[in-house]
Protein chains: 2
Amino acid sequence: MALKSTLRDRRRLQTSREIQRAALSLALSQGYEGLTTEMIAAEAGISQRTFFNYFLNKEAAIIGETVSFDEETVAWFRESSGPLVPDLLQALRRLLCSSDLDRGMSQLIDRLLNKAPELVPIFYGSLKRLSDQLSDLAVLRLGQDARADADLLAEAISHALADTFRIWANDDAMAPDSIVDVTTARLLVLRGFLDQL
Amino acid sequence: MALKSTLRDRRRLQTSREIQRAALSLALSQGYEGLTTEMIAAEAGISQRTFFNYFLNKEAAIIGETVSFDEETVAWFRESSGPLVPDLLQALRRLLCSSDLDRGMSQLIDRLLNKAPELVPIFYGSLKRLSDQLSDLAVLRLGQDARADADLLAEAISHALADTFRIWANDDAMAPDSIVDVTTARLLVLRGFLDQL
DNA sequence: CACAATAATGCATTCTGTGCAATATTTGCT
DNA sequence: AGCAAATATTGCACAGAATGCATTATTGTG
């Protein structure tokens with residue numbers, strides 16, 4: 001029964017994206033304040049009840065589906081003998097490569113965050129999930145004892161990445177491939193600060 | 001009219017703490033799932049309506065009041081000519097000194113976060129507010145152009161601090177004064193990772 | 001085509017959160 | 001103390017969020 005009906009899955013993903021698109025465009029045009037789940041459902045052409053079948057809550061619809069590392073990447077990372085941090089960045093490269101990035105959607109999100117700053121914490125909550133995955137990867141190589149250190153590193157990397165994402169969303173000339181490069185540059189800036197200690 | 005009725009203010013702070021205590025203890029004993037604002041209000045001896053006069057929402061009651069840098073510290077920081085990062089840590093030292101830390105409450109929070117991990121994002125949202133304040137401080141010295149860099153640095157520092165807080169909450173032998181010292185040590189660990197780049 | 005699995009929907013219900021008006025309490029002042 | 005203004009608490013009504021459950025529609029399979 002595993003890996004069957006991909007047609008259904010594609011429809012599901014499509015509907016999910018349509019709901020997110022509806023939520024973002026309504027939030028941008030009418031304001032997030034006063035945006036109701038009924039409005040989103042109507043705009044997406046579904047019932048309110050179906051909206052809640054796709055997303056746990058209104059905020060999740062704004063954020064959209066979450067990405068995660070595939071098994072091959074995890075396996076590769078575990079076996080690799082290179083230095084930890086570059087390997088984590090390489091894993092991110094693979095992740096961004098597999099998940100097809102939608103610059104238009106990212107732009108909408110960025111504009112919404114500027115217009116409705118109260119949503120920023122929601123996105124940081126979502127970013128935390130990526131950070132947790134990075135931390136899990138790091139722990140594969142450092143051992144559970146280093147969980148706190150892994151968390152700290154993963155937070156820094158994921159925030160640098162989020163930073164870079166905003167840059168990428170607003171720069172049509174920037175290639176997706178260079179995202180992790182810019183993220184690395186951001187991390188070097190951070191290291192520069194920490195050299196003051 | 002400024003700086004008047006401190007009696008009223010103290011009562012207000014006391015009620016606020018009592019509500020948070022009620023929320024935390026109920027969440028720990030009965031579980032956060034199924035905890036209603038009416039239950040919290042009843043436990044705290046106030047009406048549900050009054051609960052919402054103190055906190056914008058249920059989650060805010062769990063987190064409690066937010067701290068912020070006082071004007072003297074901001075002024076000191078702006079004028080100081082020392083290196084940026086140590087000065088930021090010094091500002092944190094002053095902040096922790098002025099806000100009287102309640103280890104018992106911190107312990108309750110830490111236990112609740114272990115029991116109900118779905119609340120972790122809430123706390124990261126709250127941590128973000130501290131991070132924003134740190135970033136504002138840094139921008140005073142770096143200029144608005146360096147906002148992105150300041151954000152990155154502030155995130156790293158605030159996460160290292162949050163880390164340290166959990167350690168402090170569970171170690172009765174650890175003095176509040178040493179919190180920032182341990183935070184600095186955490187930041188050095190992070191720098192060690194970044195040296196791999 | 002028929003049947004099983006899955007998805008969409010309507011409906012009732014509980015809880016969150018807000019606005020507003022009424023009531024109670026506190027504070028400053030004489 | 002006693003009065004008036006400011007502030008806090010409360011009850012009530014209401015709109016929206018989110019869930020459970022039963023029903024209906026759609027879709028994939030043999």
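Since the structure is predicted, the reported quantities are computational estimates derived from the model, not experimental observations. Convention: sequence-line order gives letters A, B, ...; per-chain numbering from 1.
Remark: the A:Gln48 side chain and the A:Thr37 side chain contain an N/O donor-acceptor pair separated by less than 3.5 Å. Side-chain atoms of B:Arg166 and B:Asn170 form no donor-acceptor pair, as typed in the model, at a separation below 3.5 Å. Under 3.5 Å, the side chains of B:Ser135 and B:Arg147 contain a donor-acceptor pair of N or O atoms.
Across all strands, B:Phe55 comes closer than 4.0 Å to no nucleic acid atom at all (heavy-atom distances). Within the nucleic acid shown, B:Leu35 comes within 4.0 Å of sugar-phosphate atoms alone, with no base atom in reach, counting heavy atoms only.
The side chain of B:Arg12 lies closest to D:dA8 when the candidates are C:dG19, D:dA8, C:dA8. In the set C:dT16, D:dA17, C:dT6, the nucleotide with an atom closest to the side chain of A:Phe52 is D:dA17.
Atom P of nucleotide D:dG16 and atom CG of A:Leu26 are separated by 14 Å, given to the nearest angstrom. If you take CZ of A:Phe51 and P of C:dC11, they are 20 Å apart, rounded to a whole angstrom. In this structure, B:Gln48 places its CD atom 14 Å from P of D:dA13, rounding to the nearest Å. Between the CZ atom of A:Arg10 and the P atom of C:dA7 there is a distance of 15 Å, rounded to whole Å. Between A:Ile46 atom CD1 and C:dG10 atom P the separation is 11 Å, expressed in whole Å. Taking atom CZ of residue A:Arg8 and atom C1' of nucleotide D:dT26, one finds them 7 Å apart after rounding to whole Å. Summarising the geometry, the separation between OH on A:Tyr32 and P on D:dG16 is reported as 14 Å, rounded to the nearest angstrom. As a whole-Å value, the separation of A:Glu33 CD from C:dG17 C1' is 12 Å.
Comparing B:Arg11 and B:Thr37 by the nucleotide of DNA chain C that holds the closest heavy atom to each, the one mapping nearer the 5' end is B:Thr37. DNA chain C is contacted by both B:Gly34 and A:Asn53; A:Asn53 maps to the nucleotide lying nearer its 5′ end (nearest heavy atom per residue). The 5' end of DNA chain D is approached more closely, in terms of each residue's nearest nucleotide, by B:Ser47 than by the other of A:Asn57 and B:Ser47.
No hydrogens or angles were tested; on distance alone, a donor-acceptor pair under 3.5 Å links the side chain of A:Arg49 to the base of D:dG20.
For the side-chain contact (heavy atoms from CB on, under 4.5 Å) with B:Leu92, the lone residue among B:Thr184, B:Thr73, B:Leu161 that qualifies is B:Leu161.
Contact between the side-chain N/O atoms of B:Tyr54 and the OP1/OP2 oxygens of D:dA8 is not found at any separation under 4.0 Å. Distances shown here put a side-chain N or O of A:Thr50 below 4.0 Å from the OP1 or OP2 atom of C:dT9.
Remark: B:Arg191 does not engage A:Asp149 in a salt bridge, criterion side-chain N to carboxylate O under 4.0 Å.
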